[in-house]
Engineer: 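Questions regarding the structure given below will be posed in turn.
Chain naming here is simple, since letters A, B, ... match the order of the sequence lines and numbering starts at 1 in each. Everything numeric here is computed off the predicted structure, so don't read it as measured data.
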There are 2 protein chains.
Amino acid sequence: MTTDDHIIFIVDDDERIREALSELLASHGMRAIAFGSAGDYVSADKPDVPACLILDVELPDINGLDLQRQIAAGEHPPIVFITGHGDIPSSVRAIKHGAVDFLTKPFSNTDLMAAIEAAIAQDREERSERADVDVLRQRYLDLTPREREVLPLVVSGLLNKQAAAELGISEVTLEIHRRNVMHKMAAASLADLVRLAERLEIPITHSRRTGGSGA
Amino acid sequence: MTTDDHIIFIVDDDERIREALSELLASHGMRAIAFGSAGDYVSADKPDVPACLILDVELPDINGLDLQRQIAAGEHPPIVFITGHGDIPSSVRAIKHGAVDFLTKPFSNTDLMAAIEAAIAQDREERSERADVDVLRQRYLDLTPREREVLPLVVSGLLNKQAAAELGISEVTLEIHRRNVMHKMAAASLADLVRLAERLEIPITHSRRTGGSGA
DNA sequence: CTTCACCTCATGGATTTCCATGAGGTGCGG
DNA sequence: CCGCACCTCATGGAAATCCATGAGGTGAAG
């Protein structure tokens with residue numbers, strides 16, 4: 001399944017390069033799709049598997065670096081830049097913005113393959129992480145408005161009593177919301193809920209004082 | 001206090017460059033210390049304030065990039081590389097390893113100053129973060145061996161009863177350890193303790209199952 | 001041998017959480 | 001107008017946590 005389990009996108013305006021790369025990748029048992037322009041790549045229907053984008057800096061429509069910035073807004077595969085006329089500021093910018101590598105032609109097959117492997121591995125990681133967080137985010141969306149108010153109070157460490165007071169409702173009602181939150185978020189314990197909330201970047205709104213007014 | 005609140009280290013074997021940079025920085029109200037070699041920099045006594053390291057790639061003793069890798073093991077200020085004969089692979093490697101920028105001579109004062117500002121700001125961030133975590137780490141070191149065994153079980157979400165069973169001790173004893181942990185770690189609540197443990201990268205050893213064998 | 005830190009445990013009560021059952025009110029879409 | 005989702009609340013008991021007091025054992029350092 002080496003072939004189906006990931007894919008390499010090639011964006012280069014030079015037909016010969018596209019073919020050469022395609023063949024090279026095929027010889028390594030990798031599936032590849034080549035595009036002649038940034039626009040073709042962006043508008044194409046791309047399979048949803050771990051991938052790597054081999055991107056030429058000089059393209060007919062827009063600059064490769066600009067394309068990088070454009071797609072940076074959403075999800076996109078790690079980029080390996082290739083270029084015939086690279087300069088240092090471009091390479092710095094590319095790497096700073098997350099590119100896996102920046103290769104100048106002529107580059108060795110070894111270097112390219114290493115970069116691709118790294119990119120695929122990275123994408124696999126990122127996808128896995130994204131998938132996890134997406135599940136959480138979906139659960140969070142299943143919460144009712146009130147439950148979304150209760151969650152931050154609970155993970156702040158407030159007692160039910162305190163959280164209830166904060167919302168101006170009875171402790172009983174808050175307990176019910178709290179339990180619903182635990183169920184809907186599929187948290188096995190409060191500790192778990194706290195970690196889920198962290199990953200969802202739910203802010204801590206209040207923090208319980210150890211020695212309060214009571215007792 | 002612009003002068004004392006941060007410092008710039010310059011490492012370049014060219015005396016003229018060192019002087020020119022020192023003057024430039026002085027004119028911007030920044031304190032700078034210059035070194036003629038990597039060895040001088042490493043062995044020097046450096047003030048403990050937010051800093052930036054302006055590092056020439058070509059040095060008499062060791063390569064700037066190698067120095068970067070060497071000091072990467074410990075704490076060190078963000079690096080801004082400068083070079084007269086830079087190449088793309090070097091710049092890629094430098095940035096990948098965390099350098100703030102990689103400037104080729106001649107570079108504009110504006111570019112350099114921007115890089116330095118960014119580096120200082122970054123160091124300020126990192127130092128603040130490190131200081132926070134150091135406090136936590138110190139508290140963790142104050143824990144007794146047994147308490148260090150209890151902590152991961154507690155933040156895993158185990159009930160006292162379960163954690164006690166895990167350690168083969170009575171629930172009462174575990175409660176005492178647990179309370180001591182809370183006190184020593186200065187955690188205001190369990191939620192707090194979970195977050196502290198996260199920052200200390202304390203692994204979750206067990207995770208409580210919602211509907212267990214009990215009841 | 002004494003001191004000290006550490007680990008161990010019990011009793012017992014106050015507080016909090018967990019959970020089920022039962023029930024009333026509001027607002028919106030069908 | 002009915003159903004449905006949502007928010008609200010009470011009672012009441014089981015379980016768990018929080019906390020204080022009191023106390024015994026071990027091993028290492030002084």
Engineer: Just report the end-to-end axis angle for the helix from dC1(C)-dG30(D) to dG30(C)-dC1(D), five pairs per end, to 10 degrees.
Structural biologist: 30°

Engineer: The criterion is side-chain contact (heavy atoms from CB on, under 4.5 Å); which residues satisfy it with Glu201(A), sequence neighbours excluded?
Structural biologist: none

Engineer: I'd like to compare against my own output: the B/S/- annotation of nucleotides 5-10 of chain D with a strict under-4.0 Å heavy-atom distance to protein.
Structural biologist: -SSBBB

Engineer: Which residues pass the side-chain contact (heavy atoms from CB on, under 4.5 Å) test with Leu59(A), not counting sequence neighbours?
Structural biologist: Val11(A), Ala38(A), Leu55(A), Asp56(A), Asp61(A)

Engineer: Could you pull out all residues at least two apart from Arg137(B) that satisfy salt bridge (Lys or Arg N to Asp or Glu O under 4.0 Å)?
Structural biologist: Asp134(B)

Engineer: List in chain and number order the residues that pass salt bridge (Lys or Arg N to Asp or Glu O under 4.0 Å) with Glu166(A), two or more places apart in sequence or in another chain; answer none if no residue qualifies.
Structural biologist: none

Engineer: State which residues pass salt bridge (Lys or Arg N to Asp or Glu O under 4.0 Å) with Arg178(B); sequence neighbours excluded, sorted by chain then number.
Structural biologist: none

Engineer: Could you tell me which residues satisfy ring-ring contact (aromatic ring centres under 6.0 Å, His included) with Phe9(A), sequence neighbours excluded, listed by chain and number?
Structural biologist: Tyr41(A)

Engineer: Counting side-chain heavy atoms from CB outward, which of dC18(C), dA20(D), dT17(D) is closest to Arg178(A)?
Structural biologist: dC18(C)

Engineer: Sequence neighbours left out, what passes side-chain contact (heavy atoms from CB on, under 4.5 Å) with Arg179(B)? Give chain and number order.
Structural biologist: Glu175(B), Ile176(B)

Engineer: For Glu75(A), check salt bridge (Lys or Arg N to Asp or Glu O under 4.0 Å) against everything at least two apart and list the hits.
Structural biologist: Arg130(A)

Engineer: Kindly write out the residues that satisfy side-chain contact (heavy atoms from CB on, under 4.5 Å) with Ala119(A), not counting sequence neighbours, or none if the list is empty.
Structural biologist: Cys52(A), Pro78(A), Val80(A), Val100(A)

Engineer: Could you grab the distance from atom CD1 of Ile116(A) to atom CG of Leu53(A), nearest 0.5 Å is fine?
Structural biologist: 10.5 Å

Engineer: Do any N or O atoms of the protein come closer than 3.5 Å to N or O atoms of nucleotides 24-30 of chain C, and which pairs are they?
Structural biologist:
none

